[in-house]
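Step one of this worksheet: look at the structure below.
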Amino acid sequence: MMVRKDFPIFNIKVRGKPLVYLDSAATTQKPQVVMDTLNKYYSSQNSNVHRGVHYLSELATKEYEAAREKVQKFIHAKDSREIIFTRGTTESINLVAQTFGRERVQEGDEVLITHMEHHSNIVPWQILCSEKKAHLKIAPINQKGELLIDEFKKLVNPKTKIVGIAHVSNALGTINPIKEIVSFCHDHGVPVLVDGAQAASHLKVDVEALDCDFYTLSGHKIYGPTGIGVLYGKLKHLEKMPPYQGGGDMIKSVTFEKTIYNDVPFKFEAGTPNIAGAIGLGSALDYLSALNMEKVQKYEEELLKYMEEQLLTLPKIKLIGRAEKKAALQSFIVENIHPHDVGTILDQEGVAVRTGHHCAQPVMNFYGVPATVRASLGIYNTKEDISLLVLALKKVFEVLG
Ligand code: C6P
């Protein structure tokens with residue numbers, strides 16, 4: 001896509017070389033328009049929301065609520081009240097575990113997740129299960145990094161109270177068949193939370209079509225600012241759920257005897273929210289929508305295919321994560337060279353990749369590796385970036401091979 005010019009970061013040099021940024025799964029770079037929006041907000045709109053009758057407060061509130069509607073449209077939610085602003089996916093999942101989960105899961109019950117989850121979709125459920133004396137069940141994956149769907153289905157039973165599953169795995173790139181999973185789970189009366197942190201910037205997300213109960217995303221992974229994220233929840237759930245945190249803005253009235261909570265979504269947005277972040281996220285979504293998510297998906301699919309082919313031309317490289325349906329990233333290891341050493345030499349060449357366990361240690365354990373190198377793509381990457389990755393990897397073989 002011809003969008004590189006929109007991202008000022010590509011004007012910098014890294015160690016005297018042009019930046020080859022292959023770490024968008026950790027966080028994406030930001031287009032100028034998002035930074036301009038933040039600047040405009042702080043320069044001419046800054047005020048607190050829902051709290052003042054004055055001009056600026058009304059303006060900030062209008063912009064903040066407009067951002068909520070942009071998120072609603074972007075993920076095709078029915079109602080903007082189904083969009084809650086959080087700090088990111090991690091907070092969104094914790095919110096659901098500590099409210100919906102806490103009420104629903106009781107002693108002896110089960111929470112079902114998969115072997116490919118990010119720690120953010122494991123630990124909140126572990127905390128809940130330990131508090132409730134419930135059990136965390138894990139659906140297995142195969143060597144390609146795909147969910148074993150029949151095994152998953154066998155694990156759904158009357159004790160299963162909630163399912164948490166990644167739309168796209170951050171360590172393997174696997175795209176899970178969410179629609180099929182949600183439909184199966186609903187047939188068995190089980191609600192599903194979808195961790196969309198790695199999906200929303202690559203795929204066209206339609207929460208109504210997926211029919212999931214909850215969907216989460218992180219602003220910083222979708223070309224928006226850090227510190228802002230989204231929890232989508234079906235209105236019927238959100239209205240029944242208790243609040244997550246108490247404080248300002250989430251109440252209708254407070255006396256020392258009794259507090260009446262505000263309506264959804266404000267009930268879940270205690271305290272002054274990340275107003276600038278939400279508005280910045282709104283502008284990132286406008287930017288992506290103008291590019292057209294179907295075109296983004298197609299472009300990235302071609303680029304990913306090219307990256308896989310190019311990596312396979314190199315000796316000593318083992319690709320990890322070979323699912324039929326994948327999004328925008330490739331994990332790999334280089335025989336006899338630790339991923340951190342690979343990453344360090346790539347960095348010398350201006351190539352940014354992530355090395356480590358990617359906050360998905362169970363995935364590393366499954367493959368029996370301590371870490372992988374992960375090259376992840378965004379809309380600004382080109383075939384040229386991949387050629388430079390390949391050249392830098394050849395350098396790794398020269399130096400350490
Ligand atoms: N993965 C990565 O490099 P936060 O940190 O709350 O924005 O997102 C957490 C998270 C949840 N689920 C998935 C599938 C994720 O990939 C992430 C974040 C980054 O892979 C940073 S660890």
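Side chains included, hydrogens not; waters and symmetry mates left out as well; all remaining heavy atoms used. Just follow the structure's listing: the first ligand is 1, and inside any ligand the first atom is 1.
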Item to check | Cys359 neighbourhood, listing ligand 1 atoms whose heavy-atom distance to it stays under 4.0 Å | outcome: 22 (S)

Item to check | Exercise: do Ser120 and Thr90 side chains pair donor with acceptor under 3.5 Å | outcome: yes

Checklist entry - Among side-chain atoms of Ser283 and Thr37, is any donor-acceptor pair under 3.5 angstrom? => result yes

Next on the checklist: Could you tell me if the side chain of Tyr41 sits less than 4.5 Å from the side chain of Asn46, heavy atoms only?
Outcome noted: yes

Checklist entry - So is His220 in contact with ligand 1, going by heavy-atom distances below 4.0 Å? => result yes

Checklist entry - Strictly under 4.0 Å, does any heavy atom of Asn121 approach an atom of ligand 1? => result no

Checklist entry - Can Glu110 and Asn157 be said to form a side chain to side chain donor-acceptor pair (under 3.5 Å), step by step? => result CA-CA 9 Å; Glu110 295 177 3; Asn157 70 69; 2.9 Å; yes

Checklist entry - Which atoms of ligand 1 sit under 4.0 Å from any heavy atom of Ala25? => result 2 (C), 3 (O), 19 (C), 20 (O)

Next on the checklist: Is it true that Ser24 and Tyr380 share a donor-acceptor pair across their side chains at a distance under 3.5 Å?
Outcome noted: yes

Checklist entry - Has ligand 1 got any nitrogen or oxygen that is less than 3.5 angstrom from a nitrogen or oxygen of Arg374? => result yes

Checklist entry - When you check the side-chain N and O atoms of His220 and Thr27, is any donor under 3.5 Å from an acceptor? => result yes

Checklist entry - By number and element, which atoms of ligand 1 are closer than 4.0 Å to a non-hydrogen atom of Ala26? => result 2 (C), 3 (O)

Item to check | Check: Thr90 N/O within less than 3.5 Å of ligand 1 N/O | outcome: yes

Item to check | Under-4.0 Å heavy-atom contact with ligand 1, by part of Asp195 that carries it | outcome: side chain

Checklist entry - Are side-chain N/O atoms of Asp211 and His186 paired as donor and acceptor at under 3.5 Å? => result yes

Next on the checklist: Can you report which non-hydrogen protein atom sits closest to atom 15 (C) of ligand 1, along with the distance?
Outcome noted: His118 CD2, 3.3 Å

Next on the checklist: Do Glu349 and Leu391 have side chains that approach each other closer than 4.5 Å (heavy atoms only, starting at C-beta)?
Outcome noted: no

Next on the checklist: For atom 3 (O) of ligand 1, what's the nearest protein heavy-atom neighbour? Residue, atom name and distance, please.
Outcome noted: Arg354 NH1, 2.5 Å

Checklist entry - For atom 16 (O) of ligand 1, which protein heavy atom lies nearest, and how many Å away is it? => result Gln198 NE2, 2.7 Å

Next on the checklist: Among all the protein's non-hydrogen atoms, which is closest to atom 8 (O) of ligand 1, and how far away is it?
Outcome noted: Ser218 OG, 3.6 Å

Item to check | Distance-only polar pair, side chains of Thr61 and Glu58, donor-acceptor under 3.5 Å | outcome: no

Item to check | Test log, rule side chain to side chain donor-acceptor pair (under 3.5 Å), inputs His358 and Asn170 | outcome: CA-CA 7 Å; His358 315 295; Asn170 72 313; 5.7 Å; no

Item to check | Residue part near ligand 1, for Lys221, under 4.0 Å between non-hydrogen atoms | outcome: side chain

Checklist entry - Does some non-hydrogen atom of Ala166 fall short of 4.0 Å from ligand 1? => result no

Checklist entry - Taking heavy atoms and a distance under 4.0 Å, where does Glu91 meet ligand 1: side chain, backbone, both or neither? => result neither

